[in-house]
Amino acid sequence: MKRKINKIIIHCSATTPSMDVDANTIDEWHKQRGWSGIGYHFFIKRDGKIEFGRPLDQSGAHTKGHNQNSIGVCYAGGVDSKMCPEDNRTSEQIASFLLLLRFLKNTFPKATIHGHRDFSPKACPSFDATKEYKGL
Ligand SMILES: [Zn+2]
């Protein structure tokens with residue numbers, strides 16, 4: 001792979017728990033914004049299923065100023081019914097995150113794990129990813 005990976009950046013889809021969005025949904029949303037398609041490399045559905053988004057050898061479109069050398073991972077959820085930030089990951093999503101992040105850290109040992117909010121004044125991904133995955 002030509003791209004150097006030094007960061008893994010976590011996002012939420014900012015959708016409510018009742019919305020069963022998947023990588024295809026995000027792909028359509030991002031195309032509507034005029035992008036070439038889903039800006040994340042991986043997507044974790046409410047049921048924990050891990051889906052592929054943009055190919056890993058292509059830069060993502062998820063964190064301004066940090067796309068070139070990062071991998072973007074997004075999960076479905078992150079806001080409550082009033083659209084306020086909420087860590088509402090399902091136990092299946094929490095398990096899938098660990099599986100995927102361990103795999104990615106194994107593949108890219110120098111990469112550090114962050115939340116989108118480490119780079120931008122946003123709530124995304126609605127939990128402290130840097131702290132939670134510090135030990136991986
Ligand atoms: Zn984000």
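What you see below is based on every heavy atom in this structure, not just the backbone, and it leaves out hydrogens, waters and symmetry mates. All residue numbers in this chain count up from 1 along the given sequence. Just follow the structure's listing: the first ligand is 1, and inside any ligand the first atom is 1.
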message: Check whether Arg3 reaches the backbone of Ser70 with its side chain - one donor and one acceptor, N or O, closer than 3.5 Å.
response: yes
N, O or S atoms of the protein lying under 2.8 Å from the Zn ion (ligand 1): His11 ND1, His116 ND1, Cys124 SG
- request: Assert yes or no for the condition that the ring centre distance of Phe43 to Tyr75 is strictly below 6.0 Å.
  value: no
- request: Just grab all the salt bridge (Lys or Arg N to Asp or Glu O under 4.0 Å) pairs involving residues 73-90, residues at least two apart or on different chains.
  value: Asp87-Arg89, Arg89-Glu132
message: Tell me every residue that passes side-chain hydrogen bond (donor to acceptor under 3.5 Å, both in side chains) with Thr107, counting only those two or more places apart in sequence or in another chain.
response: none
Ile113 CD1 to Phe108 CZ distance, which is reported to the nearest 0.5 Å: 12.5 Å
- prompt: Which residues satisfy the side-chain hydrogen bond (donor to acceptor under 3.5 Å, both in side chains) test with Arg54, sequence neighbours excluded?
  reply: Ser36
